[in-house]
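Inspection log for the structure reproduced underneath, given as structure tokens.
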Protein chains: 2
Amino acid sequence: MVGLRINGRIWLEAQDRFFGIGRMELLEGIQRTGSINQAAKAMKMSYKRAWELVHSMNTQADAPLVSTQTGGEKGGGAVVTEEGLKYLTYYRGLQERFQQFLAEENKKVPA
Amino acid sequence: MVGLRINGRIWLEAQDRFFGIGRMELLEGIQRTGSINQAAKAMKMSYKRAWELVHSMNTQADAPLVSTQTGGEKGGGAVVTEEGLKYLTYYRGLQERFQQFLAEENKKVPA
DNA sequence: GGTCGTTATATTTGGTCGGAAATAACGATA
DNA sequence: TATCGTTATTTCCGACCAAATATAACGACC
């Protein structure tokens, strides 16, 4: 079994999974660019998919994680809400502890 | 964020080789029933899919995890090899520690 | 009013995945 | 030799998913 790595994924869920590393990275992209469109391009994700992710985040969480605006200066845009920031910061910590766990486990892989 | 659960998946990998909870449960089924066919039925999985999983496990690991026999008493069967047992026992421990991690994290979910 | 870039949404298209079914091979056993 | 239940493998088909495409709405700004 030597040479094997341990890997995994971790997410937050209510009834079905709805916030994992993918959504978090999308949120980070929106925070950085101020636009769903640009965040999607940066992740090489289709706008449609990105929008669907944002939509599901907004409808499934207690409060929207992303606030959007159509039209206006620069055609519109999107910003991460306070609630979104809460998720971002919490998930970052969780992810870090998980990576720590994975690193520990990787030391224990038997020969 | 109250009411959210933390969940995840964890697996072993080496470039393309991988071994996760699904394969482990299939292995357990084979160990219990002595047959790919019956293990698949118990998991409500098609024989084809189960066979493909077994095949990939056998070809991707250093040594086969499942030994199969066609024909003979009861038409044939399958048994988990020593190597398979090694994976089973190791993954069980890993999975248990991961569940422990998840349980700990679930206590820390902020309001 | 026209342009711009974005959000918002429906429709179509294409590729992949898995299930179903069919078939063969196998070896014990009667 | 015929039967049996399993492994082994191929072919076909439908379902699902995601990408691509198309279109509309919006509001600032010129």
Side-chain angles (χ1 to χ4, degrees), chain A residues 9 11 13 16-61 63-81 83-84, chain B residues 9 11 13 16-61 63-81 83-84:
Chain A
R9 268 180 77 91
W11 59 83
E13 67 182 21
D16 49 352
R17 176 220 289 221
F18 78 98
F19 191 86
I21 184 97
R23 283 167 161 85
M24 190 198 73
E25 288 176 353
L26 179 59
L27 228 54
E28 285 176 336
I30 292 172
Q31 187 182 41
R32 192 175 56 251
T33 63
S35 153
I36 297 178
N37 200 21
Q38 289 179 49
K41 276 174 185 156
M43 297 179 68
K44 295 183 203 296
M45 178 188 295
S46 70
Y47 172 81
K48 183 198 171 195
R49 171 137 183 79
W51 182 84
E52 284 170 347
L53 291 180
V54 168
H55 184 70
S56 76
M57 278 193 273
N58 280 350
T59 54
Q60 292 183 80
L65 307 193
V66 174
S67 165
T68 62
Q69 187 201 349
T70 77
E73 188 180 23
K74 289 191 288 181
V79 297
V80 177
T81 65
E83 186 77 359
Chain B
R9 267 180 78 89
W11 59 83
E13 67 180 23
D16 53 337
R17 314 169 191 180
F18 55 98
F19 185 87
I21 184 99
R23 282 168 161 84
M24 190 196 74
E25 287 175 355
L26 179 59
L27 229 55
E28 284 175 335
I30 292 173
Q31 185 182 44
R32 192 174 57 251
T33 63
S35 155
I36 296 178
N37 200 20
Q38 289 178 48
K41 276 175 184 155
M43 296 179 70
K44 295 184 202 298
M45 178 188 294
S46 72
Y47 173 80
K48 181 196 174 195
R49 171 137 182 77
W51 182 84
E52 282 171 348
L53 290 180
V54 168
H55 184 69
S56 76
M57 279 192 273
N58 281 349
T59 53
Q60 290 179 355
L65 307 193
V66 174
S67 165
T68 62
Q69 186 201 349
T70 77
E73 187 179 24
K74 290 191 288 182
V79 297
V80 177
T81 65
E83 186 78 359

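Sequence lines set the chain letters: A, B, ... in the order given, protein chains first and strands last, and positions in each chain run from 1. Here the structure is a predicted model, which is why all the values come from computation and not from measurement.
Expressed to the nearest 0.5 Å, how far NE2 of A:His55 lies from CD of A:Gln60 amounts to 9.0 Å. In this structure, OG on B:Ser35 lies 8.0 Å from OH on B:Tyr47, to the nearest 0.5 angstrom.
Contacts between residues 43-59 of chain A and DNA chain D, defined by a heavy-atom separation below 4.0 Å, involve A:Ser46, A:Lys48, A:Arg49, listed by number. For the segment residues 33-41 of chain A, residues with any heavy atom less than 4.0 angstrom from an atom of DNA chain C are, sorted by number, A:Ser35, A:Ile36, A:Asn37, A:Gln38. Within residues 18-25 of chain B, no residue has any heavy atom under 4.0 Å from DNA chain D.
Annotation: side-chain hydrogen bond (donor to acceptor under 3.5 Å, both in side chains) contacts of B:Trp11 (sequence neighbours excluded): B:Glu13. A:Lys48 pairs by the side-chain contact (heavy atoms from CB on, under 4.5 Å) definition with A:Ser46, A:Glu52, not counting sequence neighbours. The side-chain contact (heavy atoms from CB on, under 4.5 Å) check on A:Arg32 picks up A:Ala42, with sequence neighbours excluded. Applying the side-chain contact (heavy atoms from CB on, under 4.5 Å) criterion to B:Asn58, with sequence neighbours excluded, gives B:Val54, B:Pro64, B:Leu65, B:Val66.
The two residues B:Thr68 and B:Ala78 make their nearest non-hydrogen contact at CG2-CB, 4.0 Å.
The nucleotide range of DNA chain D contacted by chain A, defined by atoms under 4.0 angstrom from heavy atoms of the protein and reported 5' to 3', is D:dA19 to D:dA28.
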For residues 22-30 of chain B, please give each side-chain donor-acceptor pair under 3.5 Å, one per line with the distance, not counting sequence neighbours.
| unit_1 | atom_1 | unit_2 | atom_2 | d |
| --- | --- | --- | --- | --- |
| B:Arg23 | NH2 | B:Ser56 | OG | 2.8 |
| B:Glu28 | OE2 | B:Arg92 | NE | 3.1 |
| B:Glu28 | OE2 | B:Arg92 | NH2 | 3.2 |

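Side-chain contact check for B:Thr33 versus B:Lys41: every heavy-atom pair is 4.5 Å or farther apart.
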Could you pull out the protein-nucleic contacts involving nucleotides 28-30 of chain C (nitrogen or oxygen on both sides, under 3.5 Å)?
none

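Sorted by first and then second residue, the salt bridge (charged side-chain N to carboxylate O under 4.0 Å, His left out) pairs involving residues 63-81 of chain A (not counting sequence neighbours) form an empty list.
Each end of the helix from C:dG1-D:dC30 to C:dA30-D:dT1 gets its own rotation axis from five pairs of C1' atoms, and the angle between them is 10° to the nearest 10 degrees.
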